[in-house]
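Okay, structure first, notes after.
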Amino acid sequence: MEIKRDTYLNKLIRREQNGLIKIVTGVRRCGKSYLLFHLFHQYLLDKGVKENHIIEVALDDMKYRALRNPEKMFTYVETLIKDDGLYYIILDEVQLLDDFADVLNGFLHIKNADVYVTGSNSRFLSRDVVTEFRGRGDEIRMLPLSFREFSSVYDGTPFEAWDDYFNYGGLPLILTWQEPEEKEAYLLSLFKEVYLADIIERHKIRNHEEFNELLDILASSIGSLTNPLKLSKTFKSVKNKTISDITISRYIEYLEDAFLINRAVRYDVKGRKYIGSPAKYYFEDVGLRNARLNFRQTEENHIMENIIYNELRYRDFRVDVGVIESSDRSDTGKVQKRQYEIDFIATKGNLKFYIQSAFRMDTPEKIEQETKSLRQIPDSFKKIIVVRDDKKPRYDENGFVTIGIRQFLMNEMILMG
């Protein structure tokens, strides 16, 4: 089964011979090795690059263990470069290479070499990994499968694909398991034995219990506004434990650095400024989020919102949470200032979209609730409501577009229509 990851393959192609180290980062098991060793490798062959001009080393392979030594690695690569033609150096799991930053910077001095690397442990997954190369790195952030990628190889109906996707997420290996219990066991093991183990080892976290409880709280409240101080109070009132907001802030940073969660900050639409706190947190993969909660809290409305957030990021939008203040007059005539929330403001270049995630809009009250914030927005950028049904895009009298979730996910250009 071949899963095309054209979005990321094209990003690699556009960066060929740009004089920088191409660094493919992303949560573990999202397909980074497959992208470089299979898809990119085949692209190079198809355009005429000779096999002996593609130098590939999987550092987690036992036969390459000796090359984890920096001097041996550098010598090995140099001996394979035998002419003035362009060579592609591709290293997988580069964090296993001692002093890897120095080695990679050394490769940049080889005039006829183009360098590509991936890494998968908590050190390499850090958001600031590019600084390891002193400004000489070009990062390509890779996400798990989008719903469109997932559906392209899914063996089943579109409804079954959605059911599997919102339950088990988009890590590619999920598609190799047939039974629900197999998928659950895989995700549960992956979360505990890989992701948590990496974070705990790297940051030497001693209080595993409080760290795990914070993860549970974040997983249970995806899409809810929160901040470290509020979470600290939750620990005190619900768990009867005292954990400082500083400690919680540090734990959240570890989770963000490992690409397990992402923060969406609030933006004041009328004031045109960011609001520092509180923020919303979403999981990089909803299957991992569900596994964290032992598949007990699979509320489709919250998971749908998380999936929309990830899809916008997959399409390279910057995603914020919108806040807009309005003066409403009560039944008694008193004017009150209220804040309304817009689920997402998606921006890319000169494009901007306001997007609401609405599981259902089947009553006048629900329609009023979901559209009120959009009606307060003073500009003319497109306003979109994504709903659970399969209806095709339709406009209302306000000019708002309502789109079914699968229509939204399967067509990358649908926002432009």
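Residue numbers start at 1 and run along the sequence shown. Computation of the quantities below employed the complete heavy-atom set of this structure, encompassing side-chain atoms and omitting hydrogens, waters and symmetry-equivalent molecules.
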R388/E300 under salt bridge (Lys or Arg N to Asp or Glu O under 4.0 Å): CA gap, chis, key distance, verdict | CA-CA 9 Å; R388 173 63 178 81; E300 199 171 358; 2.6 Å; yes
With side-chain contact (heavy atoms from CB on, under 4.5 Å) as the test, would you mind laying out the steps for V153 and L175 before giving the verdict?
-> CA-CA 8 Å; V153 293; L175 288 160; 3.6 Å; yes
Assess whether side-chain contact (heavy atoms from CB on, under 4.5 Å) is satisfied between V77 and I89, documenting all intermediate values.
-> CA-CA 8 Å; V77 169; I89 302 172; 3.6 Å; yes
Check the pair Y154, E160 against side-chain contact (heavy atoms from CB on, under 4.5 Å), reporting the backbone distance first and the verdict last.
-> CA-CA 9 Å; Y154 184 81; E160 291 169 335; 3.7 Å; yes
Would you please test Y186 and Y168 for ring-ring contact (aromatic ring centres under 6.0 Å, His included) and show each step?
-> CA-CA 10 Å; Y186 168 69; Y168 307 116; over 10 Å; no
Report the C-alpha distance between Y116 and F40 in whole Å, list the side-chain angles of each, state the deciding distance to 0.1 Å, and finish with yes or no for ring-ring contact (aromatic ring centres under 6.0 Å, His included).
-> CA-CA 10 Å; Y116 302 78; F40 187 62; 4.7 Å; yes
Determine, step by step, whether E213 and K241 satisfy the salt bridge (Lys or Arg N to Asp or Glu O under 4.0 Å) criterion, reporting the C-alpha distance in whole Å, the side-chain angles of both residues, the deciding distance to 0.1 Å, and the verdict.
-> CA-CA 11 Å; E213 287 180 345; K241 292 183 178 180; 3.1 Å; yes
Hey, mind stepping through D46 and Q42 against side chain to side chain donor-acceptor pair (under 3.5 Å) and telling me if it holds?
-> CA-CA 6 Å; D46 290 344; Q42 189 59 50; 2.8 Å; yes
For E209 and N212, what are the C-alpha separation, side-chain angles and deciding distance, and is it a side chain to side chain donor-acceptor pair (under 3.5 Å)?
-> CA-CA 5 Å; E209 184 179 351; N212 276 281; over 6 Å; no
Is there a salt bridge (Lys or Arg N to Asp or Glu O under 4.0 Å) between D285 and R29 once you walk through the steps?
-> CA-CA 11 Å; D285 181 76; R29 305 292 193 269; over 6 Å; no
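Between R375 and E368, at least one side-chain nitrogen of the basic residue sits less than 4.0 Å from a carboxylate oxygen of the acidic one, meeting the salt-bridge criterion. We find that R15 and D138 are joined by a salt bridge, their nearest charged nitrogen and carboxylate oxygen being less than 4.0 Å apart. Of the charged side-chain nitrogens involved, none lies within less than 4.0 Å of a carboxylate oxygen, so that K230 and D245 do not count as a salt-bridged pair. Salt bridge annotation for R272-D379: absent, with no cationic side-chain nitrogen under 4.0 angstrom from a carboxylate oxygen. R360 and E370 are not joined by a salt bridge, as no carboxylate oxygen comes within less than 4.0 angstrom of a charged side-chain nitrogen.
Distance NZ/K392 to CZ/R406: 14.0 Å, rounded to 0.5 Å. One finds the NZ atom of K270 at 5.0 Å from the OG atom of S326 (value rounded to the nearest 0.5 Å). The CG atom of L97 sits 12.5 Å away from atom CG of D92, with the distance rounded to the nearest 0.5 Å. How far CG of D198 is from CD of Q95: 8.5 Å, rounded to the nearest 0.5 Å. Note that the CD atom of E149 and the OH atom of Y165 stand 8.0 Å from one another [nearest 0.5 Å]. Rounding to the nearest 0.5 angstrom, the gap separating the OG atom in S146 from the CD atom in E412 is 7.0 Å.
A cation-pi arrangement is present between R315 and F408, with the terminal nitrogen or guanidinium carbon under 6.0 Å from the aromatic centre and inside a 45° cone about the axis.
Side-chain contact annotation: H41 with E51, donor-acceptor N/O pair under 3.5 Å present. Side chains of Y251 and E210: a donor-acceptor N/O pair is present below 3.5 angstrom, by distance only. No hydrogens or angles considered: a donor-acceptor pair under 3.5 Å links the side chains of E305 and Y282.
Within the 6.0 Å centre-distance limit, the rings of F107 and F74 are counted as a close aromatic pair. Y267 and F344 have their aromatic ring centers separated by at least 6.0 angstrom. Ring to ring, H38 and Y34 are close: their centroids are under 6.0 angstrom apart. The six-membered or imidazole ring of F353 lies away from that of F381, with a centre-to-centre distance of 6.0 Å or more.
Pairing each heavy atom of Y340 with each of S373, the nearest pair is CB-CB, 3.7 Å. Scanning all heavy atoms of the two residues, the minimum distance from D98 to P70 falls at O-CB, 3.5 Å. When every heavy atom of P144 is checked against every heavy atom of G170, the shortest pair comes out as CB-O, 3.6 Å. Closest of all the heavy-atom pairs between D216 and L293 is O-CD2, 3.8 Å. Here the closest heavy-atom approach between residue T7 and residue Y314 is recorded as OG1-OH, 3.0 Å.
Residues T347 and L351 form no side-chain contact, since every pair of their non-hydrogen atoms from C-beta on lies 4.5 Å or further apart. Using a 4.5 Å cut-off on side-chain heavy atoms (C-beta onward), N262 and Y309 make contact. With contacts defined as side-chain heavy-atom distances shorter than 4.5 Å, the pair L260/L288 qualifies. The side-chain heavy atoms of E16 and K47, taken from C-beta on, include a pair separated by under 4.5 Å. In this structure, V286 and I307 have side chains that are in contact, with non-hydrogen atoms separated by less than 4.5 Å.
The aromatic rings of W162 and F147 sit perpendicular, their planes meeting at an angle over 60°, well past the 30° parallel limit.
Heavy atoms from other residues, nucleotides or ligands lying under 6.0 Å from NZ of K348 number more than 12.
Exactly one residue among R289, R141, R292 makes a salt bridge (charged side-chain N to carboxylate O under 4.0 Å, His left out) with E284. That residue is R141.
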